[in-house]
J.: 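One structure is given below, represented as structure tokens, and several questions about it will come after.
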Amino acid sequence: MDPTTADLQAFCNRDAVSVARALIGWDLKVDGAGGVIVETEAYTADDPASHSFSGMRKSNASMWLAPGTSYVYRIYGLHFCLNVVCAHAGAVLIRALEPRHGVECMQDRRGNSRLDAIASGPGKLCQALGIDLRLDGCSLSEPPFALSPQSHEGQRVISEVVSSPRIGISRNMDAPWRFSLAGSRYLSRKASFSAAPGV
DNA sequence: GAGGCGATTGGCT
DNA sequence: GCCAATCGCCTCG
């Protein structure tokens with residue numbers, strides 16, 4: 001069962017670090033294509049690496065919308081990244097998915113890339129799911145988005161969520177706010193260490 | 001108004 | 001491992 005908008009808003013209305021850890025194992029779809037979230041990163045408003053750190057701009061205004069809203073931005077002029085808005089202008093970057101739904105469609109968009117490379121990185125993930133700036137500032141609990149905890153499916157052992165430093169940033173580089181599903185083949189990179197404070 | 005750079009990716013050495 | 005692609009926005013003058 002998919003959470004209502006109110007449910008999702010309540011779930012996301014916490015600090016981004018908690019939400020980033022909790023989203024591992026959730027199912028994300030855009031127009032029916034998607035899969036299980038296996039890698040996230042947290043960005044809080046008092047974090048120098050966060051886009052919200054230096055205040056609201058036209059391009060990051062979605063970070064101040066309701067928790068559970070999408071924040072999509074363009075990076076390096078050519079790729080897009082998808083975030084989930086959390087409390088207090090925090091956000092969770094969705095970095096990698098394990099493909100489950102609409103795999104052929106995602107492969108088409110990605111140029112028939114290998115299964116474990118369809119969405120193994122924030123830019124690849126957006127390309128595979130057809131996400132661009134038109135989907136900035138939308139509710140993640142309403143079409144075309146669908147975001148829900150993976151119900152049953154039997155075996156999804158919440159085996160191990162591990163944390164490590166975030167990737168690609170130049171400020172606050174030590175904060176271990178990248179979360180990933182231990183041992184997944186679908187990550188953008190292997191976790192560099194397995195310590196997961198608070199997990 | 002010019003210059004620099006980024007929460008990335010893919011191709012080449 | 002190194003580097004180009006590509007562009008909106010920030011910083012400085």
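Side-chain atoms are counted along with the backbone in the values below, which use heavy atoms only and exclude waters and symmetry mates. Residue numbering restarts at 1 for every chain, and letters A, B, ... go by the order of the sequence lines.
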J.: Please confirm whether the shortest side-chain N or O distance from A:Arg171 to OP1 or OP2 of B:dC5 is below 4.0 Å.
T.: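 Looking at the OP1 and OP2 atoms of B:dC5, neither is under 4.0 Å from any side-chain N or O of A:Arg171.
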J.: Of the nucleotides B:dG6, B:dA7, B:dT9, which has the atom closest to the A:Lys124 side chain?
T.: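 Minimum distance to the A:Lys124 side chain belongs to B:dT9.
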J.: Out of B:dT9, B:dG10, C:dC9, which nucleotide sits closest to the side chain of A:Ser59?
T.: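 Looking only at side-chain atoms, A:Ser59 lies closest to C:dC9.
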J.: Quick one: A:Leu93 CG to B:dT9 P, roughly how many Å, whole number?
T.: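 These atoms are roughly 9 Å apart.
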J.: Counting heavy atoms from C-beta on, name the nucleotide in B:dG10, B:dT8, B:dA7 closest to the side chain of A:Tyr76.
T.: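 Between B:dG10, B:dT8, B:dA7, the one nearest the side chain of A:Tyr76 would be B:dT8.
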J.: Are A:Asp47 and A:Arg166 within salt-bridge range, i.e. N to O under 4.0 Å?
T.: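 Salt bridge flag = yes for A:Arg166 with A:Asp47.
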J.: Can you tell me how far P in B:dC5 sits from the matching atom in C:dG13, rounded to whole Å?
T.: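 About 15 Å, rounded to a whole number of Å.
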J.: Specify the separation, in whole Å, of atom NE2 of A:His79 and atom P of C:dA4.
T.: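 Rounding to the nearest Å, NE2 of A:His79 and P of C:dA4 are 15 Å apart.
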J.: Starting at atom CG of A:Leu133, determine the distance to atom C1' of C:dC9, rounded to an integer number of angstrom.
T.: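 From A:Leu133 CG to C:dC9 C1': 13 Å.
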J.: Between A:Leu125 (CG) and B:dT9 (C1'), how many Å, whole number?
T.: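 In whole Å, B:dT9 C1' lies 14 Å from A:Leu125 CG.
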J.: Would you say A:Leu8 ends up clustered with A:Val72 if hydrophobic residues are merged whenever their side chains have heavy atoms under 4.5 Å apart, either directly or through other cluster members?
T.: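 Yes, because A:Val72 and A:Leu8 connect within a single hydrophobic cluster, where side-chain heavy atoms sit under 4.5 Å apart.
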J.: Given atom CZ of A:Phe80 and atom C1' of C:dT6, what is their separation to the nearest angstrom?
T.: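 After rounding, the gap between these two atoms is 11 Å.
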J.: So that I can compare with my own list, what are the stems of DNA chain C, taken as at least three consecutive Watson-Crick or G-U pairs with distances under 3.5 Å?
T.: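 Stems found: B:1-6 with C:7-12, B:8-12 with C:1-5.
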J.: How long is the line joining CD of A:Glu41 and C1' of B:dG6, in whole Å?
T.: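 Rounded to the whole Å, the gap is 14 Å.
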J.: Starting at atom CD1 of A:Ile118, determine the distance to atom C1' of B:dT9, rounded to an integer number of angstrom.
T.: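 Nearest whole value for this atom pair: 16 Å.
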J.: Of the candidate nucleotides C:dC9, B:dA7, C:dC7, which contains the atom at the shortest distance from the side chain of A:Arg74?
T.: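 It is C:dC7.
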J.: Nearest-Å distance, CZ (A:Arg178) to P (B:dT8)?
T.: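 It works out to 11 Å between those atoms.
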